[in-house]
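For this chain, numbers begin at 1 and follow the sequence in order.
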Amino acid sequence: MIKQVIILKSNLNDLKIKDFINSLLKIGHVMDIAYNKANHEICFYYEKNNIDHLKLKQLIEEYQEINELFYYTYKVTHLHYANCANKLEKNLNKIPDVTSMNLDFFNKKLTVSSKNNHSKELLKKINYVANKCEPGIQFVEINEYVERQNDYFALFLGIIVFIIANLNLFTLNINFGLFLISFTIIGYDVLEKAIMNLLRGKLFDENFLMSIACLGALLINEYHEAFAVMFLYKIGEILQRKAVEKSRIAIRKLVEIQPKYANLLVNGEIKQVDIKYVRIDDHIVVKPGEKVPIDGLITQGSSSLDKSSLTGESIPVHCELGEEVLAGSINLNGTIEVKVTKQYEDTTIAKILYLVNEAQSKKAKADQFITKFARIYTPIVVLLALLILVLPIFISKQYVFKDQLYSACVFLVLSCPCALVLSVPLSIFAGLGSASKLGILIKGGNHLDTLRLANILVLDKTGTLTSGKFVVSKAKASVGYNYKDFMSYSTHTSCFSNHLVSKAIVDYANLDINSKKVESHEEIFGLGVKAIVDKKEVLVGNYKLMGKYNLKFKQIDEEGNVIYVAVNRKLVGYFVIADKLKSEAKATMDSLKKQGIKKIYMLTGDHDHVARLIANELKIDEYYAHLLPVEKVNILKTIKKANPKDKIIYVGDGVNDAPVLALADLGIAMGALGSDAAIEVADIVLMNDNLSSIVNARKIAFLTHRKIIQNIIFALAVKLIILGLSLIGYASIWAAVFADVGVTIIAVLNSISILRYKSWAE
C-alpha cells in the first residue's frame, strides 16, 4: 500500500468534505480516512493493486478545489551535523515537484509531499540536490536503510600505518609514502568532501578548512602535525556523533512507547492486528506486561497501569471497570478488556509523537543566529589566512614563506566554527529532551526562549491551581420546598452533562435516574444547564444563569461555588461546590516569584469570594472572577496592553482556555492528556498535571540558555587567544587543534549535561 495525502487548497465546508469522503469510500479498497482541519489535509491508505485508479482520478477532478499529492518518507545516511541538515532542507525545498518537506535531523528522517507519484524518480532528484549541497549524504527508501556504524576501523588502520612510518624501517621516500597513506586513510572522507565542494564552487566549510590546513602542514614537512590534526578532528567527529546520539535518546524513548499491534476481540476470539485497523467501539484485550495500544474504557477486569512514559509519574495507577486507559500505558498485572473510544490518530500517544516531531522543526533565536554567523565568519577567516601568508611580504624584510604558511595553517584550523555550530542546537535539543523526561513536552526551541524571558504569569483556577475534582460540600432546599423533589430535579437536569459540577451533583445525590422524565436538555456555556423534567423547566447553574432568565433574589454568600436550582423560574435550593487547592500550588507560586515572575494574575469563572480566598492563600497579585471564556480573552488583552514590553505565560486546562492559550506569548496546558485543544493550541503541555513542572520547565530554559552562552564565550575566547598568539608566531598547530577540536568536545559535553537535570521537586 502507498500512503497518499490530498491537500485542500481552499477551505471546503463540512458538508462538501463529508460528501467527498463518502464518495471516496464508495470506490472501495480505501481505508483509514482522516481529515485534519488545521492544515486542510485528507489522508488515507489505499490498496494500489486493487483500487480503481480511474474512478479515484475522476473523483478528485470532480472536486476542483482538491489537488492530489503523494506523501513519502526516506531515511538519510551520514548526516551528522545540524547545520548540514538546515542547509540541506533549504536546498531540497527548491525541488520543483516538492510542495512541502521536513528534514528531521535527530531521527534521520525526511518527510516529503509531492505531485510526483514515482517515489524512485523523486528520490533521484533529492539525492542529486543533496550530493551537490553536502557530498556523501544519501537518502534511501526506509526498507533499504543501512547506516554506517562507525569509523573505528579506518582510525585503527591509519594509526597502524602511521606507527610503521615512524619506525623508519624503510627508505625516506617509502616512509613519506606511508605517512601520506596513513593521513589519507584517516581523512579520506574529509578530503573527498572538500574536493567535491571545490568543484561545485562551495569552498567555505569545515572540510575545506581542515584539508588546506593539513595539506599546508605537509608542504612544510610537518607530517606528524598534519596527521595529528586530521586524527584529532576525526576523534572529535566521533565524539560529537556520540553526543548527538545521546541527546536523541530522551526523545526516542517517547517514540518507543508507540504500540505496534492490538489484540482485537472478534466473535470471542483474539486476533493480533495493526493498531491502524482498530475502530471506535471495537473491543481489545490487554494482557499483563503489554502496552495499551489505543485509548478506551475498561469493560472487563481491573489492573495497575504504569503511565510513566506519558506523564513522568513513576507510581502505578489502579484502574477499575469503566475507567479510561490511555495508549502507551503499560499493563502491570491483570488482563483487561477495553472498549476503544478513539481512532489511533486521535489518541494521546499519537498527539505526543506529533508534538515531538513538531518541536524539532522550530529553531530558537540562538540557533538561527549561529547558523547565520557561521556563513559570514568562515569566509572572513579564510581571507585573513591569505593576508597572514601574503601581507608580510610587503611589510617585513625577514619574510619566511614556511613560517608564514605555518601561521596561516594554524589560523585555518582555528577558524572552523564547529563548537558554535554544533553545540548551540545540541543544547536546545538536550533541553527539550530533559524536559520530556519529566513529562514536559515543549513544542520547539523557540519556546524555551519565551519561557526564560517571561515575567508575567496568568493562571486559570479550576484544574490548574485546584484539583478540578469537585464535590458537593452543602445541599439546601428552599424553605417550604420538598428536599427529595429538589434533589430529583437537580439530578435529572445534570445527568446528561459532562461538566464536572454536574457530575458532582449526580454523584452526591446518588439517585436512580429515569431518563424518560427528561424531555429536553441544553448546556449554556459558562452558565449551567437547562432541561424540561416532568413537563417543568429546570435551571441548574450559577447566579448569571438565574439572571439570564430574570430570576431576582439575593446572592447567597458561602465559602465555595454556589450552584442554584430553579423550577419554573422559582428558586428551589442551592448546592455549594468545593474544589481543593493542589498540594504543590503554594510552593510553586513562591518559586516562580524567586525565578523572576514579577506579577501573577488569576482568571476564573468562580465567585469573587472563592477567588479571593485562593488569591490570598497563594499571594496572587490580582484576580478576576465571574468570567466567561470570552471575558478571559478580553482580560488577557488588557494585561498585555498594560505590560507591552513583558512576555506573558498563560496556564490553563487546555480545553475551555484554548482561546486564551493561543493569545498569550506562551500557552501552557495543564493535565492535558487526551485534550485536542491542548495539543493544537498550547506551546507547552504538562503531561503530569503538576504545577511544579512550570518551575522545572523554566529552570531547564535558564540552564539551556546558560549553556549556550558558556559555549559561545568559551569557544570565541579560546579561539581569539590562540589566533592572537598565532599572529605573533607563539601558537603551534597543536594549540589550534585544541582550540577547534578540543573546544568543540568540551562544548558538546557541556551541552549534553542538560540531560542530567533533576526535577526541582527531587
Side-chain angles (χ1 to χ4, degrees), residues 32 34 253-266 268-356 436-441 463 467-469 498 500 503 507 653-655 669-679 685-690 693:
D32 291 336
K253 283 181 179 177
L254 281 176
V255 179
E256 288 172 355
I257 67 176
Q258 179 180 10
K260 305 298 180 186
Y261 66 89
N263 297 318
L264 185 64
L265 204 57
V266 182
E269 294 184 7
I270 295 175
K271 292 186 177 180
Q272 198 172 95
V273 299
D274 191 304
I275 54 173
K276 292 186 177 70
Y277 300 117
V278 178
R279 294 289 175 266
I280 293 173
D281 293 334
D282 280 349
H283 285 252
I284 58 173
V285 173
V286 185
K287 301 173 184 176
E290 291 184 334
K291 291 175 184 174
V292 177
I294 202 158
D295 294 1
L297 299 173
I298 296 177
T299 56
Q300 190 173 314
S302 64
S303 182
S304 293
L305 298 180
D306 178 2
K307 297 184 179 181
S308 59
S309 56
L310 292 170
T311 66
E313 294 291 335
S314 57
I315 301 172
V317 178
H318 188 72
C319 295
E320 298 281 352
L321 190 71
E323 291 191 79
E324 184 182 30
V325 293
L326 300 175
S329 305
I330 299 172
N331 183 15
L332 297 178
N333 37 53
T335 299
I336 53 176
E337 185 180 316
V338 175
K339 181 182 178 182
V340 175
T341 56
K342 293 181 182 177
Q343 288 189 306
Y344 172 73
E345 292 81 3
D346 299 320
T347 59
T348 300
I349 190 173
K351 292 169 190 169
I352 292 173
L353 298 178
Y354 163 74
L355 190 155
V356 170
S436 72
K437 289 194 296 183
L438 299 175
I440 305 165
L441 299 185
S467 64
K469 295 178 181 178
N498 286 320
L500 295 173
K503 288 182 177 180
D507 290 342
D653 64 13
V655 182
M670 287 290 303
L673 284 174
S675 167
D676 294 334
I679 296 296
V685 180
L686 306 182
M687 306 306 291
N688 52 18
D689 194 21
N690 194 310
S693 292

Stepwise, does the side chain to side chain contact (heavy atoms under 4.5 Å, CB included) test hold for Val266 with Glu269? CA-CA 5 Å; Val266 182; Glu269 294 184 7; 5.6 Å; no
Approximate separation, where rounding is to 0.5 Å, of [X] [atom1] and [Y] [atom2]:
{"X": "Thr299", "Y": "Leu321", "atom1": "OG1", "atom2": "CG", "answer": "7.0 Å"}
{"X": "Glu320", "Y": "Ile298", "atom1": "CD", "atom2": "CD1", "answer": "7.5 Å"}
{"X": "Ile330", "Y": "Ser304", "atom1": "CD1", "atom2": "OG", "answer": "13.0 Å"}
{"X": "Ser329", "Y": "Glu324", "atom1": "OG", "atom2": "CD", "answer": "9.5 Å"}

Matching residue for Ile284 among Ile294, Ile270, Leu265 - test: side-chain contact (heavy atoms from CB on, under 4.5 Å):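 Among Ile294, Ile270, Leu265, the one meeting side-chain contact (heavy atoms from CB on, under 4.5 Å) with Ile284 is Ile294.
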Might you point out which heavy atoms bring [X] and [Y] nearest each other, and give the distance in Å?
{"X": "Cys319", "Y": "Leu305", "result": "SG-CD1, 3.7 Å"}
{"X": "Glu323", "Y": "His318", "result": "OE2-O, 4.0 Å"}
{"X": "Gly301", "Y": "Ile336", "result": "C-CG2, 4.0 Å"}
{"X": "Arg279", "Y": "Asp282", "result": "N-OD2, 2.9 Å"}
{"X": "Asn690", "Y": "Leu686", "result": "O-CD1, 4.0 Å"}
{"X": "Pro293", "Y": "Ala327", "result": "O-CB, 3.6 Å"}

Look only at the side chain of Ser303 and the backbone of Gly334, and say whether a donor-acceptor pair between them is shorter than 3.5 Å.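 Side chain of Ser303 to backbone of Gly334, a donor-acceptor pair under 3.5 Å: yes, one is there.
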Between Pro288 and Thr335, is there a side-chain heavy-atom distance shorter than 4.5 Å?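 Contact flag for Thr335/Pro288 side chains = yes.
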Side chains of Asp281 and Val340 in contact at under 4.5 Å (non-hydrogen atoms):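 Sidechains of Val340 and Asp281: no contact.
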Between the side chains of Thr341 and Asp295, is a donor N or O closer than 3.5 angstrom to an acceptor N or O?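 Judged by distance alone, the side chains do not pair up.
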Run the side chain to side chain contact (heavy atoms under 4.5 Å, CB included) check on Val273 and Val278 step by step: do they pass? CA-CA 8 Å; Val273 299; Val278 178; 4.0 Å; yes
Only counting residues at least two apart or in another chain, list the ones meeting salt bridge (Lys or Arg N to Asp or Glu O under 4.0 Å) with Lys287.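 Result, salt bridge (Lys or Arg N to Asp or Glu O under 4.0 Å) vs Lys287: none returned.
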Does Gln272 have any side-chain contact (heavy atoms from CB on, under 4.5 Å) partners at least two apart in sequence or in another chain, and if so, which?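 By the side-chain contact (heavy atoms from CB on, under 4.5 Å) rule, Gln272 matches Tyr261, Asn263.
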